Amino acid sequence: MTRVLGIETSCDETAAAVVTRDAEGTPMILSNIVLSQVEAHAAFGGVVPEIAARAHVEALDGVIEAALSDAGVTLDDIDGIAATAGPGLIGGLIVGLTTAKALAAVSKKPLLPINHLEGHALTARLTEGLDFPFLLLLVSGGHTQILHVAGLGRYERWASTIDDALGEAFDKTAKLLSLPYPGGPSVEKAALEGDPARFDFPRPLKGEGRPDFSFSGLKTAVRRAASELAPLSRSDVADICASFQRAVTESLTDRVARSLKRFHEARPDLVRPKLVVAGGVAANAAIRDALKTLSEAEGFDLIAPPLRLCGDNAAMIAWAGLERLEAGLAAEDTMSFAPRPRWPLDETTAPIIGTGKRGAKA
Ligand code: KG4
Ligand code: ZN
């Protein structure tokens, strides 16, 4: 039974987890500790890299100990140590990867440096036992992209944002409206009481042939509406949020539809292909609903991991490590692996702005 310890410190969650498979080979999460730093950053309206790195240093040992004890194992029972090595904030990556190297050295276990995006990409295999290939929509604070996941380590980027990430658009909108950080959940909550038809915000790139995403124009439109109405009443804020969320959702689904069609053309043999949505924004109910409707209309099944595994966590890192270990894809000289603040999953497709970047969420 392979057991892997995972460590995640690339942004503002300090996380450790242990995963394995049961006797039938079904993936199992033995422990999953996520310590959020949200409160430490809230006053600044976004992640402050120096504060994040310091908080990881202070918390990581305890979080790893808790993950091992929750799983009922010691380091001796672990077969590999996986840690996020990029993309992300360099300070946090150094803390997590160096700790993993030290643990690997003392326990003489293999070290698995993991691409954070691969963790998100493989989560649905951990939670649903999903087979390759599938289409992945990754929507987080630092990324918005569509990947054709053909197999382990075989990722082809089909679309990407040309400016802001979707989570970033939510965070910036929240900041403009003085809603609390992190912005995504605040905007979603305010939108529940609002009128989505009051403001006719743009649907960026809607109807265009290229499959990419764009969200920065929307932020400008929100800023204009907010400054014209200032001071804003509670219902103005709610209406702006509802109208923003509707515009975002319509732009997103129009863009995703391009890649669904391409997937059908590329894989006509698959009767009911899967669209997986992952990343923090996948927690948004309006976006999930719209993606479900779109998937059904296009003959796809939508797979959305449970909410606690949508955002950053270490179970997904441990799982990616376990898959690599089992597939014999664990590189040998990993002790000299340096953290990579930028690390696109698909290194062959020409980068567009916003790709491979995973910086502060704000
Ligand atoms: O995947 P994640 O936890 O961290 C990154 O890798 O960035 O995603 C965080 C992002 C933030 O931008 C946050 O505002 C957004 O996901 N988010 C949401 C919701 N919950 C989190 N966006 C929209 N609606 C939500 N309910
Ligand atoms: Zn993430």
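Fair warning: this is a prediction, and the values are worked out from it, not measured in the lab. Counting starts at 1 for both ligands and their atoms, following the listed order.
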Taking both backbone and side-chain atoms of G279, is any N or O found less than 3.5 Å from an N or O belonging to ligand 1?
-> no

Output yes when a side-chain donor or acceptor of R3 lies under 3.5 Å from a complementary backbone atom of D77, and no otherwise.
-> yes

Ring centroid separation for F213 and W158, is it under 6.0 angstrom?
-> no

Could you tell me which atoms of ligand 1, counted from 1 in the order shown, lie closer than 4.0 angstrom to a heavy atom of V281?
-> 15 (C), 16 (O), 18 (C), 22 (N), 23 (C)

Can you find an N or O of E13 that's nearer than 3.5 Å to an N or O of ligand 1?
-> no

D312 atom (N/O/S) at minimal separation from the Zn ion (ligand 2) = OD1

Mode of D312 contact toward ligand 1 - side chain, backbone, both, neither (heavy atoms, under 4.0 Å) = both

In the single-linkage hydrophobic clustering (I, L, V, M, F, W, Y; side-chain heavy atoms under 4.5 Å), do Y155 and M316 co-cluster?
-> yes

What atoms of ligand 1 come within less than 4.0 Å of a heavy atom belonging to G311?
-> 3 (O)

Atom CD of Q145 and atom CG of L147: how far apart are they, to the nearest 0.5 Å?
-> 4.5 Å

Ligand 1 atoms in contact with G142 (distance to a heavy atom under 4.0 Å) = 7 (O)

Distance-only side-chain donor-acceptor flag, D346 / H148, under 3.5 Å | no

Would you say G280 has any N or O atom under 3.5 Å from an N or O of ligand 1, going by distance alone?
-> yes

Pairs of donor and acceptor atoms involving the side chains of residues 184-192, under 3.5 Å and at least two apart or interchain, shall be tabulated with distances.
unit_1, atom_1, unit_2, atom_2, d
S186, OG, P180, O, 2.6
S186, OG, P182, O, 3.3
E188, OE2, A285, N, 2.7

Pair E128 + K274: basic N to acidic O under 4.0 Å | no

Just distances here: any N/O of G167 and N/O of ligand 1 closer than 3.5 Å?
-> yes

Quick one: closest heavy-atom pair of S295 and L275, and the distance?
-> OG-CD2, 3.6 Å

The Zn ion (ligand 2) has as its nearest N, O or S atom from H120 the atom NE2

Just distances here: any N/O of G141 and N/O of ligand 1 closer than 3.5 Å?
-> yes

Is the distance from the Zn ion (ligand 2) to the nearest N/O/S atom of C11 under 2.8 Å?
-> no

